[in-house]
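Here the structure is laid out as structure tokens; the discussion comes afterwards.
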Amino acid sequence: MKKAKFAVGYGSICGGCDVAFTDVGTKLADLAEIAEIVYWPAVVDGKIERLEEVSNIDVGVYFGAVRTDEHETVLRLLEEKSAILVAFGTCSCYGGIPGLGNVETSESLLATAYSNAPNTRAEGVPSLEEITIEELKMPKLRDYTSSPADLVEFDVFVPGCPPPVQSVIDLIDFVKDYRENGNVPDAFFLAKEGTVCEYCEREKPDKISIEKVMRVHESDLDEDECFLSQGVLCLGPVTRAGCGEEPRCTSKNMPCRGCFGPTPKIRDQGTKFLSSIASSIMLGKEKQISEEELMRLLTEGIIDPVGLFYRFALPVAIINRKHQEK
Amino acid sequence: MTMTFEPKITAFLCKWCGYAGADMAGTSRIKYPPTVTPVRFPCTGRIDLSHILEALRESDGVLIAGCHTPNDCHYIRGNYQAFKRITVLKTFLKQMGINPKRVRLDWISASEGRKFAETIHDFTYELRDLGPFVMEQNEVIQ
């Protein structure tokens, strides 16, 4: 039987998704058996011309968010040539960690990286526009990060930062199934429908009232009790489950960071959680303290709402990029 | 002649106090600028932050008016829920570069028609100074 053509394109990535692939171990040999890797910068030669040449890709996988024009070119090429387009990793589903760059403008990001940071020499900041030196091109840095899922239509979504081993195995099975039977999955999430809390085995009280927002190192965590009732912010209630039989962070005694993105019923993960956390603070005991005291608790407890609540899904939030106001 | 900028305000009013207060302003024939679009809510505690943010995308400012703290709320402490949510929301707005003054929380009881009119006056003036709110968003296909 003919091998399926398999291509992986990169957006704004950290490399963790490549490592997630290697985590599956010997199953990776199956992929080599059933698929011919036509393009994957980390594995085979990764010149963009190569991707432009090949046609009829069976499975195209996209890693990362869209930050530069080059990222979108790769994404569009994959969309055009692939029978099944897969959004692999939280960045390509929701924008992910690179999406946090949207709290700054591109100019200020470059200024920090090239001149204002303490370990850099202030010798000018590169331009935002496309730079061409001889044959080398530096693509234009966009004003904001977008989630690839907003730009093209994917057939399969694999959330997770990085996606768990089981998701990669499932994805390899998809490739196998497509090669044998020609099945094209339709807008399919390799995750569960419910929230992380539904699968978390910690003891949850009926009513959660947070008297002081704590960070992990500040509290003596009880390993069997809900994080929220102990005052540690955990994104379990708004995050999609599916990172493991038992949620992978909460079972290791760390609060959920929300990498699986919003559950299907939520429009905006961060805003929803911001609302629910705000109302859980001193729940039912508001009248015992003054309004000033309550306000102090809230502003000192939640200093960085964007970094905490929108860590993985800022580009798909209701208000999703820096606004410039005088 | 130059056109002066008239802000658009979306007001989320609780049905027991804020909305009744707006009603009182009407029945008492108190004049206030025609800049406000009221939306009736059962309680300010029902208002989710996503309601406010969605409204903010389409208007220049959002007013939330409900029952006075500590003990006026019909549902005992719905007004505190609104207070807590909006305090946190303001931190978020600051981070995203939006002036937190565009979201305003006031306590207006059913008898305070005059206070409602004054609040609208005041907020309209404030928003005129701030200028129009144009939200640049990421493009989304669909």
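Only a predicted model underlies this, so the values are computations on that prediction, with no experimental measurement involved.
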- prompt: Would a 4.5 Å heavy-atom cut-off, applied to side chains only, mark L283(A) and Q81(B) as touching?
  reply: yes
task: Please determine, among K287(A), M295(A), K322(A), the option with the most heavy-atom pairs under 4.5 Å with chain B.
output: K287(A)
query: With a cut-off of 6.0 Å (strictly less than), are more than 12 heavy atoms of other residues, nucleotides or ligands near CD1 of I76(B)?
result: no
Separation of Q95(B) CD from E104(A) CD (nearest 0.5 Å): 9.5 Å
task: Let me know if D304(A) has heavy atoms under 4.5 Å from chain B in its side chain, its backbone, both or neither.
output: both
query: Which one, L93(B), L89(B), T69(B), leads in non-hydrogen pairs under 4.5 Å with chain A?
result: T69(B)
message: Rounded at 0.5 Å granularity, tell me how far CD1 in I319(A) sits from CZ in R57(B).
response: 7.5 Å
Contacting moiety of I47(B), where chain A heavy atoms sit under 4.5 Å: neither
query: Donor-acceptor pair, R85(B) side chain versus S275(A) backbone, under 3.5 Å?
result: yes
Over 12 non-hydrogen atoms of neighbours within 6.0 angstrom of CZ in F5(B): yes
- prompt: Tell me, do F92(B) and F309(A) make a side-chain contact under 4.5 Å, heavy atoms counted?
  reply: no
message: Counting C-beta onward and ignoring hydrogens, is there a side-chain heavy-atom pair between K90(B) and L298(A) closer than 4.5 Å?
response: no
- request: Tell me, yes or no, whether the heavy-atom count around R142(A) atom CZ, taken from other residues, nucleotides or ligands under 6.0 Å, exceeds 12.
  value: yes
- prompt: So, for T91(B) and I303(A), which heavy atoms are closest and what is the spacing to 0.1 Å?
  reply: CG2-O, 3.8 Å
task: Spell out the residues in residues 256-273 of chain A that have some non-hydrogen atom less than 4.5 Å away from a non-hydrogen atom of chain B, in order of number; otherwise answer 'none'.
output: R267(A), T271(A), K272(A)
field: Pairwise distance CD1(I277(A)) to NZ(K84(B)) - rounded to 0.5 angstrom
entry: 10.5 Å
- prompt: Has K204(A) got more than 12 heavy atoms of other residues, nucleotides or ligands less than 6.0 Å from its NZ?
  reply: yes
- prompt: Is it the case that more than 12 heavy atoms not belonging to E58(B) sit under 6.0 Å from its CD atom?
  reply: no
- request: Select, from V306(A), I281(A), I302(A), the one with the greatest count of heavy-atom pairs under 4.5 Å involving chain B.
  value: V306(A)
message: At under 4.5 Å between heavy atoms, what parts of residues 20-46 of chain B are in contact with chain A? List them by residue number.
response: none
- prompt: Does the side chain to side chain contact (heavy atoms under 4.5 Å, CB included) test come out yes or no for L314(A) and M96(B), once each step is laid out?
  reply: CA-CA 11 Å; L314(A) 186 62; M96(B) 296 307 281; 4.2 Å; yes
